[in-house]
Every structure is written in C-alpha cells, then in structure tokens.
Amino acid sequence: MDWLISLATFLVNEILSQPAYLIGLITAAGLIALRKTAGQVVGGALKATLGFLLIGAGAGLVVSSLGPLGGMIQGTTGAHGVIPTNEAIVGIAQAQFGARVAWLMILGFAVALLLARFTPLRYVFLTGHHMLFMATLLTMVLATSGRSAVSVVVVGGLLLGVLLVALPAFAHPWTKRVTGNNSIAIGHFGTAGYVLAGAAGQLVGRRSRSTEDMKLPEGLRFLRDSMVATALSMVLLYVVMSLAYLARAGRATAFKAFASDGGGSAATGLGDYVMQSVMQGLQFGIAVAVILFGVRTILGELVPAFQGIAGRLVPGAVPSLDAPIVFPYAQNAVLIGFLASFLGGLAGLALLTWVGHPAFGLALVLPGLVPHFFTGGAAGVYGNATGGRRGAVVGAFLNGVLITLLPALLIEVLGAFGKENTTFGDADFGWFGTLIGNAAKAGATGGSIAILAIGAVLLGAAILFQKRVVDTGWDPGARRDAVLPRATPAQGGTATAAGRTHPKIAPPPGAPVPPPPPEEG
C-alpha cells in the first residue's frame, strides 16, 4: 500500500502540480494525435513547457519585487493581520494531509475528464497548481470536520471534478468577450471575481472607451508601451511608499527594507535607498514583460496541439488556462486592474476593521499584492472588455473587496488552520470553502448529503448555463457595442449586425483566431 501512496504523491507533487510539465505533456499528446513527426512533438512540447516556465519566472520576479513594497505598506499603515498566500497555506497543510491531497487531486482530475467527455461542459482544466490548491482546501475543510480519509478523498474528488468543468463555463461568455473566440477558457480559481468584474463593466461602462484606446499627449506617447507604463507606475508607487515608510519607521529600519528577504542589501544612505526603490519598480516592469512573452509562447504551441486531443478524447474540448492567459489582450487594463484591486483590498480591510472584527470577530485580512496583481489584473481585463476604463476600475475594485472579505469568512471554517497567519487568497477558495465548511458541520451523514447536493446543484446549474447562455452565443458586451463610436476595419473594428463597425482589442501575437465564416450562397 505504501508504494501506491508514494506513486500518487510523486504524480501530484512532481508532475500534475507542475503546470509546465502538465502543459508539455498535453501539447505532446495533441501533436501525436495530429500525427506530427517526432521532432515536431518534442519541439512543440518543449516550447510549451518553456512558455509556462517563463510565466513562472515572471511570477517569481513579481513576488520578489512586491515583497519589500508589502512590508513598507504594512510598516507605514501599522496594520497587522492575515496575509492570504496560497502557496504558504498549502505548504503548511501538506505535512498533515499530503497523501489525502494527492489521491483527491488524482480522482478530481479523472472526474473532470469524464464530465468533459460526457456532458456539455467541454472544458479541460490545465492549471495544475490551482488544482493542487483546491484539492488541499477541500481536504482541509473535510478532514477538520471529522471525516474519514476515504470520505475526504471520495467526496472531495467529486467536488473538485465538478469545479474544474463548472467554473470555466460560468465565466466563458466574458472570456469569449475578451479573446473574441471560443479557443480558450479561464482555468483559475478567481472566477467569481472575473464574472463580477465583467458584470460590473456591463453596468457602469456602456459608453466608456477601452483602456487600450487611451489618448496620451505627444510628450507621453512613450507610455503606449505597456512595459514602460507599468515600470514607470511601479517606480512612482515604490518611491512614494519608500519615503512614507522612511518618515514613519526611521532610517535604521527603513534602510533594511530591501534586505529583509535575504536577497538584497541594506541601503547605505538616502540616495541608495531611493535608487533601490527605483530598481524594484523597474524589476516589476521586467517581470510583467516576461509573463506576457510566456503567455504568447504557450498560446502559439498549446492551442494548435489541443485540436488533436479535442478530436479524440474530448470532442469540442476547450483548454482552461491560468489567469495571465488574458493579460496580452488588454495590457493597460492589467495595470489599472492591479491598482484598483489593491484599493478595493484597502476598502475591504477598512470594512473588516470597523465592522467585521468588532461585530463578528473576523480576522483582519491585509491586501496581498501578489493575488491583487494576478486576479486584479485579470479582473481589469474582464471589466474593460464589457465596460472600458470605468469597467476595468470598478470591476477590479470589487474583485479587491471580494478577495479581502471572503478569506476572512473562510478562516472561520478551517479549524486549527484558521489560526495561521496566512490562508487562501483567490475568490473561489473563499466562497466555495466557506459553503462546504458550513455544510460539513451538519455531521458525517447529513453533512456529506448536503455537500454532495451542493456539488450536484453546481453541476446542474453549469450545464444549464452552458446550454442556455454560452451555446446560444450571448455576448455580455452587445449593448456596449451598440453605442461605441464608428471605427473602420482598418482601425481594428469588427462588423456588427447593424452594419456598423466598432473598435476591438487586437489579440496578441500567437493568440488563437476563430475560423473564417462560411461563404454565403
């Protein structure tokens, strides 16, 4: 029996939890199904793997560059509380629940493939690390309610399989609005925030222009380069916060801000301190550029190869990919979304401080810059797709409030793990974990029935949504298109049923394109 546990642990920790390997294997399988040569299979798989490694490298740079900034913000405001970090809470839980997490994840992925094959939900979830995160959350919530290991694996595996196909379906009308076609779906457990951002954009930004159409003075035309604009914005933010931190904490403490993680050195003077702040902002710009290049690389390899799998294992399948997959479609919206989401996090923290903690004893959840960048950036893209600039700002702001309040509720059902200084950060972990955790309190039998009923309702709702909304071609931005100014096809416009054309965000290089329309007559 030990060898089975070791095998399951190896598959989860070394392959399935590594999105780069998973994507490489999927790409290779697709190319083999397309009868490509051995060289094309190896080359395509390696390029897809390298694309995801580039995304990971960029994400690592983001984390390292935002780390000191988070410390400065906390030191300046004096706030103390929980900082949501998925990787941290998963690492803590692995020591106690590693084997159950492994089996639950494998069962969940198998259930998801069966559902994708035999239901209208043709989505294949390829974000391996988020599968691991959700498997860990489900294990923690179910195990701390007193269930046996078998019950945890079986019930949790069924729930995970449902989530992997249902959540991409709920977000798909807005995802198609972003990408312009049905080639990819979102496979990231921040779905609630993205749907909320897209819906908010529909409400507030009917006449608001796209973030990508921002008109800048001639002297500021260099800001049209998203990498330059991102780096400059972060440099300004870093310098302002570093000076505020210096005034609050004093030189002795502030000068050590960039050496706190062991990867930097303490500042030797005021000039060195300021210039280290400038360098951190520039590093953030580099990180975003690396992520975008990785996304373009993976799109160019994975989507064509996926056609081979779609035609055999899951006909009509749509790959569900990580949140940065939408970043290249509206790069200005990513930065706007990050900043607006962070402001939403501060608003959520204020709400917890004034109401949530005094009245209900909820933990104070500090804005984590990394989840606000990735989920806030994606929320900005979704909000921009349906509501332009106003949609990007309002949608990402609401996402920031959501990923601050939901973790505070989730902590209440995590048992002893609720006492840790960290928890899960993205929106779907919060609402689904809280829902399942409260249902589990109904007892072993009653709780299991309630939990499975929740999964069945979610699956049924997703199938109904797929048939009635997604498959009918509903466009959440149709009303916005009806009032946008005219634009010629040469300007990137797209024809509408009324015969007018409206501006549309151009897809990034390597992005999948829809097939040509059938010829009339």
Under 3.5 Å, sequence neighbours excluded: what are the donor-acceptor pairs made by side chains of residues 333-344?
from : atom 1 : to   : atom 2 : distance (Å)
S341 : OG     : H372 : ND1    : 2.7
S341 : OG     : N399 : ND2    : 3.3

Handout entry: With T404 via side chain to side chain donor-acceptor pair (under 3.5 Å) - residues at least two apart
Key = none
Problem - Within the 6.0 Å centroid threshold, strictly below: H188 and F133 - result: no
Handout entry: Pairs flagged by salt bridge (charged side-chain N to carboxylate O under 4.0 Å, His left out) wherever residues 43-56 is involved - sequence neighbours left out
Key = K47-E301
Fill in the blank from the handout: Those residues at least two apart in sequence (or on a different chain) that pass salt bridge (charged side-chain N to carboxylate O under 4.0 Å, His left out) with K441 are none
Exercise for the section: On the 0 to 90° scale, with breaks at 30° and 60°, tag the F327-F374 ring pair as parallel, tilted or perpendicular. Expected result: parallel
Exercise for the section: Can you sort out the partners of L464 under side chain to side chain contact (heavy atoms under 4.5 Å, CB included), two or more places apart, ordered by chain and number? Expected result: R468
Problem - Check: V41 and I32 side chains under 4.5 Å, non-hydrogen atoms - result: yes
Exercise for the section: For residues 140-159, pull every pair meeting side-chain hydrogen bond (donor to acceptor under 3.5 Å, both in side chains), keeping only residues two or more places apart or in separate chains. Expected result: S145-R147, R147-S448
Exercise for the section: Under the side chain to side chain contact (heavy atoms under 4.5 Å, CB included) rule, collect the residues that match up with A450, sequence neighbours excluded. Expected result: A439
Handout entry: All pairs passing side-chain hydrogen bond (donor to acceptor under 3.5 Å, both in side chains) where residues 155-164 contributes a residue, at least two apart
Key = none
Exercise for the section: Using only heavy-atom distances, determine whether the side chains of T375 and Y194 contain a donor-acceptor pair under 3.5 Å. Expected result: no
Exercise for the section: Go through L160 and F109 one step at a time and tell me if the side chain to side chain contact (heavy atoms under 4.5 Å, CB included) criterion holds. Expected result: CA-CA 8 Å; L160 178 61; F109 190 62; over 6 Å; no
Handout entry: Sub-4.5 Å side-chain heavy-atom contact between I186 and L167
Key = no
Problem - Residues in ring-ring contact (aromatic ring centres under 6.0 Å, His included) contact with F125, at least two apart in sequence or another chain - result: F189
Practice task
Would you indicate whether the side-chain heavy atoms of V178 and W174 approach each other to under 4.5 Å?
Solution key: no
Exercise for the section: Verify the distance criterion only: is there a donor paired with an acceptor across the side chains of T191 and D428 at less than 3.5 Å? Expected result: yes
Exercise for the section: Answer yes or no: is there a donor N or O on one side and an acceptor on the other, between the side chain of N438 and the main chain of V413, under 3.5 Å? Expected result: no
Practice task
Indicate yes or no: at least one non-hydrogen side-chain atom of V162 is less than 4.5 angstrom from one of V111.
Solution key: no
Practice task
Please answer whether the main-chain N or O of A169 pairs with a side-chain N or O of Q466 as donor and acceptor at a distance below 3.5 Å.
Solution key: no
Problem - Partner set under side chain to side chain contact (heavy atoms under 4.5 Å, CB included) for A185, not counting sequence neighbours - result: Y123, P168, H172, V318, S320
Practice task
Over all heavy atoms of both residues, which pair between T119 and I463 is shortest? Give the atoms and the distance, please.
Solution key: CB-CD1, 4.4 Å
Fill in the blank from the handout: The complete set of ring-ring contact (aromatic ring centres under 6.0 Å, His included) pairs with one or both residues in residues 430-471, sequence neighbours excluded, reads F170-F465
Problem - Partners passing side chain to side chain contact (heavy atoms under 4.5 Å, CB included) against L409 (at least two apart in sequence or in another chain) - result: L362, L406, T434
Problem - V153 and R100, any side-chain heavy atoms less than 4.5 Å apart - result: yes
